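To keep things clear, I will list the structure first and then write my remarks on it.
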Amino acid sequence: MKRLIIAILASLPLMVAAQTRHNTIVTELAAPAISGARVNVASDCDVTLSTGSLSDKVKGYRVRIYFGNNQNSRHEAYAAQERFKGSFPGISSNVDYTAPYFKVTVGNFLTREEAVMLWGRLLGTFPNAFVVSYQMPVGAFATAGDNIEISSDDVEADD
């Protein structure tokens, strides 16, 4: 009987910590984004999140629009990023340097299909673009402007 009571008392701090962590994540998600959008989280009181914090890494996808290692690669990478920003405002873009390559990747997507949708739109402007797999922070998906707007013409109605 003593062991049962000790086990229950020992697990009590873990349950409190899990609930606190859940409340922190829910609070971060519920905060309004730059665009004013909010996320409403409805959950049963017995449910706890095991996803971790918004800085934890998840597998996602981006579209690489530039990749080079010549003498002008830095200039070309930033020029490609500016051209992208002018044509596709509101979608995130990153310039990375991993010796000896400059790389420009755009978008933050959880599925390859979402990244392929952007890739198809980019081929006219960036014919050498391709989809790449990335480990990115969960917080990359919580910021406004990282997703492609889909018009009502692109969505099929469920009848």
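Treat the numbers as computed from the prediction; the structure is a model and nothing was measured.
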Give a yes or no on whether F88 and I65 share a hydrophobic cluster (residues Ile, Leu, Val, Met, Phe, Trp, Tyr; joining criterion: side-chain heavy atoms under 4.5 Å apart). yes

Should F67 and Y78 be regarded as members of a common hydrophobic cluster, given that ILVMFWY residues are connected when their side-chain heavy atoms come within less than 4.5 Å of each other, either directly or indirectly? no

Minimum heavy-atom separation for [X] to [Y], with atom names?
X: R62; Y: G107; value: CG-O, 2.9 Å
X: K57; Y: P137; value: CD-N, 4.0 Å
X: M136; Y: N108; value: SD-OD1, 3.7 Å
X: A129; Y: L123; value: O-CD2, 4.4 Å
X: R112; Y: V131; value: NH1-CG1, 3.5 Å

If we ignore hydrogens and angles and just use 3.5 Å, is the side chain of [X] paired with the main-chain N or O of [Y] as donor and acceptor?
X: E82; Y: A79; answer: no
X: N70; Y: S73; answer: yes
X: W119; Y: V63; answer: no

Residue Y101 excluded, over 12 heavy atoms near OH under 6.0 Å: no

Considering residues, nucleotides and ligands other than Q71, do more than 12 of their heavy atoms fall under 6.0 Å from its CD?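 Counting other residues, nucleotides and ligands, CD of Q71 stays at 12 neighbours or fewer.
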
Heavy-atom side-chain proximity of [X] to [Y] below 4.5 angstrom:
X: N128; Y: F126; value: no
X: F84; Y: T125; value: no
X: Y66; Y: E76; value: yes
X: V116; Y: E113; value: no
X: Y134; Y: T105; value: yes
X: V104; Y: D96; value: no

How far apart are the C-alpha atoms of Q135 and V58, what are their side-chain angles, what is the distance that settles it, and do they pass the side-chain contact (heavy atoms from CB on, under 4.5 Å) test? CA-CA 5 Å; Q135 289 291 323; V58 295; 5.6 Å; no

CZ-CG distance between R121 and L118, expressed to the nearest 0.5 angstrom: 6.5 Å

Both conditions, 6.0 Å and 45 degrees, for the charged tip of R74 above the ring of F102: are they met here?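 No, cation not above the ring by the 6.0 Å, 45° rule.
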
